[in-house]
Amino acid sequence: MKYIALRDVYFDTPARALSGRGDALRVRVADDEPLLTLKGSSREVDPGVLEREEIEEPWSAAALDRLRALLTARGIALRMAPAAGEPVAALRAMGLEALQERATHRRLKNALGEGGAVLAELAIDAVTYRLDAGTVRHHEVEIEAKAPEG
C-alpha cells in the first residue's frame, strides 16, 4: 500500500460560475509538486455509479493557459495572469477566489486482474477541512478505473 499526503485549495469565481455548473477547480500539492485540476460535473452512468471528466496537469504557464481556454469555452472568462508563478496567487490574480482548503492522507492500493493488469485504483482518504467555523474530518473511499476500457 502506498501513502500520500495531499494539500488542496479549491477555487471558483465570485459569482460561483464553476460550482453552479457542477465543475470544480483545484490546486493540489502532492510530494511538493503542484498540480492544476479541472473536474467536470458528475453524471450517473449506472445506478449509484458516478463518472466525471478530470483534467490534471503539472503546474506551469502552459497548464494555466489551457485552463483559461477550457473555462472560456465553458463561458467563464478570467483575467490574464502575469505568469504561472505561485499557484494560489496566480489563480487569485485571474479573478478566482479560494473557497476551501483541505489536507488529505491517502492510502492507495491497486485492484489487479488476470495476469496482474491494473484494473482500478482504490483510494482510502482521511480528509481534514479547514473552515471558518472550525475543522471538519471526513473519510472517503474512491475507486478509479485504470484499465483502457474503463
Side-chain hydrophobic cluster, 4.5 Å single linkage: members besides Val136: Val127, Tyr129, Leu131
Note, Arg66 side chain near Ile55 side chain (heavy atom, < 4.5 Å): no
All side-chain hydrogen bond (donor to acceptor under 3.5 Å, both in side chains) counterparts of Glu53, not counting sequence neighbours: Arg74
Under the salt bridge (charged side-chain N to carboxylate O under 4.0 Å, His left out) test, residues paired with Glu97 that sit two or more places apart: Arg16
Co-members of Ile124 in a cluster of I, L, V, M, F, W and Y side chains, linked at under 4.5 Å: Leu122, Val141, Ile143
Qualifying residues under side-chain contact (heavy atoms from CB on, under 4.5 Å), relative to Thr128, sequence neighbours excluded: Arg130, Thr135, Arg137
ILVMFWY clustering at 4.5 Å (side-chain atoms), partners of Tyr3: Met1
Residue that, paired with Leu25, satisfies side chain to side chain contact (heavy atoms under 4.5 Å, CB included) out of Leu99, Leu96, Ile76: Leu96
Side chain to side chain donor-acceptor pair (under 3.5 Å) contacts touching residues 4-14 (sequence neighbours left out): Arg7-Glu101, Asp8-Arg28, Tyr10-Arg26, Tyr10-Arg102, Asp12-Ser19
Transitive ILVMFWY side-chain link Leu36 to Val29, under 4.5 Å: no
Nearest atoms (heavy-atom pairs only) where Pro34 meets Pro87: CB-CG, 3.9 Å
Leu108: partners by side-chain contact (heavy atoms from CB on, under 4.5 Å), with sequence neighbours left out: Lys2, Ile4, Arg106, Glu121, Ala123
Pairing residues for Val88 by the side-chain contact (heavy atoms from CB on, under 4.5 Å) criterion, not counting sequence neighbours: Val9, Phe11, Glu86, Arg92
Interatomic distance, Leu78 atom CG to Met80 atom CE [nearest 0.5 angstrom]: 10.5 Å
Minimum heavy-atom distance between Arg79 and Ala93, given as atom pair plus value: NE-O, 3.2 Å
Ala63 versus Pro58, closest heavy-atom pair with distance: CB-O, 3.5 Å
Minimal non-hydrogen separation, Ala30 against Leu6, with atom names: CB-CD2, 3.4 Å
With Ala117 via side-chain contact (heavy atoms from CB on, under 4.5 Å) - residues at least two apart: none
All pairs passing salt bridge (Lys or Arg N to Asp or Glu O under 4.0 Å) where residues 34-50 contributes a residue, at least two apart: Lys39-Glu54, Arg43-Glu51
Distance in Å, Lys146 NZ paired with Leu119 CG, rounded so as to fall on 0.5 Å steps: 12.0 Å
Partner set under side-chain hydrogen bond (donor to acceptor under 3.5 Å, both in side chains) for His105, not counting sequence neighbours: none
